[in-house]
Amino acid sequence: MAELCPICQGPNHCCNNQDKSIGSCWCTERIFPEGIFLLVPVEEIRKTCICQTCLDNYKRDEELESPR
Ligand SMILES: [Zn+2]
C-alpha cells in the first residue's frame, strides 16, 4: 500500500495505486526538487508518492530561504 504521503502520512492522491491508463496525475505536471526526497525515508523513495501539500510546503520554505 502506497497511498499515504511518506512525509505527512496524509493521502497523496497520486496515480500510483490508481489506474495508470488515466494517464494524467498532478505529479506528472509538477517538478519535484531533489531536496524534497531527503525528507522521504530511503525505502519509500520511488515507491510512495509525496502529496501535493508537502510539495507546496517544501517549495514555499525553499523560496523563503533564498530571498532575492
Ligand atoms: Zn504529504
Side-chain angles (χ1 to χ4, degrees):
M1 298 296 284
E3 60 197 17
L4 296 180
C5 168
I7 298 173
C8 72
Q9 310 303 316
N12 57 26
H13 301 296
C14 194
C15 55
N16 234 6
N17 0 260
Q18 293 169 28
D19 187 353
K20 288 199 177 56
S21 66
I22 297 169
S24 70
C25 176
W26 66 269
C27 68
T28 63
E29 295 162 2
R30 301 288 297 272
I31 294 165
F32 289 82
E34 267 185 47
I36 199 169
F37 294 106
L38 297 175
L39 304 175
V40 180
V42 171
E43 65 271 19
E44 302 279 5
I45 290 176
R46 295 185 192 282
K47 290 184 191 165
T48 314
C49 273
I50 295 162
C51 74
Q52 210 162 356
T53 307
C54 285
L55 178 60
D56 288 340
N57 286 344
Y58 181 85
K59 289 197 162 184
R60 195 185 313 135
D61 289 350
E62 205 175 45
E63 281 163 21
L64 289 176
E65 281 167 19
S66 53
R68 43 191 88 187

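In this text, all values refer to a predicted model and were calculated from it rather than measured experimentally. Numbers here simply count residues along the sequence, with the first being 1.
For the side chain to side chain contact (heavy atoms under 4.5 Å, CB included) criterion with Ile45, the lone passing option out of Val40, Leu38, Ile50 is Val40.
Residues passing the side-chain contact (heavy atoms from CB on, under 4.5 Å) test with Pro33, sequence neighbours excluded: Ile36, Leu55, Tyr58, Lys59, Glu62.
For residues 32-57, the set of pairs meeting the ring-ring contact (aromatic ring centres under 6.0 Å, His included) definition, not counting sequence neighbours, comprises Trp26-Phe32. Within the structure, no pair that satisfies the salt bridge (Lys or Arg N to Asp or Glu O under 4.0 Å) test touches residues 31-43, not counting sequence neighbours.
With rounding to the nearest 0.5 Å, the separation of SG in Cys51 from CD in Glu3 is 13.0 Å. In this structure, CG on Leu4 lies 9.5 Å from CD on Glu44, to the nearest 0.5 angstrom.
Across Cys54 and Cys5, no two heavy atoms sit closer than the pair SG-SG, 3.7 Å.
Between Arg30 and Gln52 the shortest side-chain heavy-atom distance falls below 4.5 Å.
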